[in-house]
Amino acid sequence: MFNPKANADTKPDAGNQSVASRPELDAFLQKVAAMPPVQTGNAAGRLVFALDATASREATWDQAMQLQAEMFSSAQSLGGLQVQLCYFRGITEFYASEWYLETAPLLSRMTGIRCQAGITKIGRLLDHVKAETRQSRIHAVVYIGDCMEENMDVLCQRAGELGLLNVPLFLFQEGNEATARRCFVEMARLSGGAYSPFDRDSADQLRDLLKAVAVYASGGLKALQDFSKKAHPAVKLLGHQLSR
């Protein structure tokens with residue numbers, strides 16, 4: 001993994017979106033705060049499950065495969081869940097799968113992936129999500145990563161745009177890299193989603209948090225609040241972030 005601090009102040013390419021100013025980010029946040037909770041109706045919820053597959057994530061890739069399977073089972077009683085797998089790795093690779101209604105084919109796809117050294121491509125992920133939800137509503141995005149090597153203001157602007165489309169980002173950070181934490185917290189707020197750190201010893205906590213997002217994508221905020229009564233205490237904190 002490249003050094004995130006070396007790129008923390010990198011400006012976007014000329015062809016990229018212009019950097020958002022602080023008043024613009026605040027305006028996004030105010031609009032997101034006034035938006036209604038996600039509701040799926042009677043249809044299966046649609047969730048993007050996105051992973052940083054650069055070299056530093058290799059040790060926890062197998063754990064992510066196991067935990068995503070439990071997301072499906074947690075959502076089945078609430079109308080089901082459609083999941084699209086997204087990941088980035090290497091210098092240029094970004095991948096988005098078809099939409100899966102069952103866990104077996106998704107697990108099969110994940111078992112063939114190997115992490116490769118490279119830089120983060122979170123901006124490309126957010127652009128993909130925006131394009132997808134304009135075609136058919138996405139109810140939640142899960143992102144699991146450990147660092148951020150892009151321009152924070154640009155990522156926050158794009159997260160705010162997803163907030164205006166009522167697409168919450170649930171960002172789970174492995175470790176405590178400070179630049180990434182600051183960015184992920186702000187992205188979660190601007191999108192109307194939530195942020196939580198985890199480490200390799202907190203598999204039970206991450207498992208319940210991922211289940212909670214699946215429940216939320218399938219049944220909305222009320223379903224999440226019901227689930228939090230019997231889940232890890234961190235799930236209750238997740239619900240508090242969404243209900244503010």
To check you understand the geometry: which heavy-atom pair defines the closest contact between P168 and G192, and what is its length?
CB-O, 3.7 Å

Looking at side-chain heavy atoms only, is the closest gap between L162 and K130 below 4.5 Å?
yes

Please list, chain by chain and in numerical order, all residues satisfying ring-ring contact (aromatic ring centres under 6.0 Å, His included) with Y143, sequence neighbours excluded.
F184

Can you tell me which residue pairs pass the ring pair (Phe, Tyr, Trp, His ring centres under 6.0 Å) test with a partner in residues 116-137, sequence neighbours excluded?
F94-H128

Between E150 and V154, is any pair of side-chain heavy atoms under 4.5 Å apart?
no

Could you check whether any side-chain heavy atom of L165 comes within less than 4.5 Å of a side-chain heavy atom of R134, counting everything from C-beta outward?
yes

Let's go through R158 and D127 carefully: what are the C-alpha distance in whole Å and the side-chain angles of both, what is the deciding distance for side chain to side chain contact (heavy atoms under 4.5 Å, CB included) to 0.1 Å, and is it a yes or a no?
CA-CA 8 Å; R158 292 175 181 175; D127 287 343; 3.6 Å; yes

For the student: nearest non-hydrogen atoms of T133 and I138, plus distance:
OG1-N, 2.9 Å

Kindly indicate whether the side chain of R46, heavy atoms from C-beta on, has any atom under 4.5 Å from the side chain of W99.
yes

Quick one: do R189 and E186 make a salt bridge, cutoff under 4.0 Å?
yes

Residues at least two apart in sequence or cross-chain that pass side-chain contact (heavy atoms from CB on, under 4.5 Å) with Y95, listed by chain then number, are Y87, S97, R109

Would a distance-only check, ignoring hydrogens and angles, find a side-chain to backbone donor-acceptor pair under 3.5 Å from T54 to G118?
no

Scan L155, I122, N151 and name whichever one has a side chain to side chain contact (heavy atoms under 4.5 Å, CB included) with C183.
L155

Within this structure, what is the CD1-NZ distance for the pair I119 and K121, rounded to the nearest 0.5 Å?
5.5 Å

Evaluate the side-chain proximity of V142 to V48: yes if any heavy-atom separation is below 4.5 Å, no if none is.
no

Is there a side-chain contact between Q84 and E98, using heavy atoms and a 4.5 Å cut-off?
no

What's the spacing between L169 CG and L190 CG if we round to 0.5 Å?
9.5 Å

Does L101 form a side chain to side chain contact (heavy atoms under 4.5 Å, CB included) with V83? I'd like the steps, not just the answer.
CA-CA 7 Å; L101 280 166; V83 175; over 6 Å; no

CG/D146 to CG/D52 distance, rounded to the nearest 0.5 angstrom?
5.5 Å

Looking only at side-chain N and O atoms, does Q173 offer a donor or acceptor that is under 3.5 Å from a partner on Y195?
yes

For S196, give me all partners under side-chain contact (heavy atoms from CB on, under 4.5 Å), at least two apart in sequence or on another chain.
F172, Q205, L209

Would you call C147 and T120 a side-chain contact if the rule is heavy atoms closer than 4.5 Å?
yes

What is the distance from atom CD of E132 to atom SG of C86, rounded to the nearest 0.5 Å?
7.5 Å

Just jot down the side-chain hydrogen bond (donor to acceptor under 3.5 Å, both in side chains) partners of E93, sequence neighbours excluded, or say none.
R89

Pair F88-L51, side chain to side chain contact (heavy atoms under 4.5 Å, CB included): steps then yes or no:
CA-CA 7 Å; F88 53 77; L51 298 166; over 6 Å; no

Looking at side-chain heavy atoms only, is the closest gap between M187 and L126 below 4.5 Å?
yes

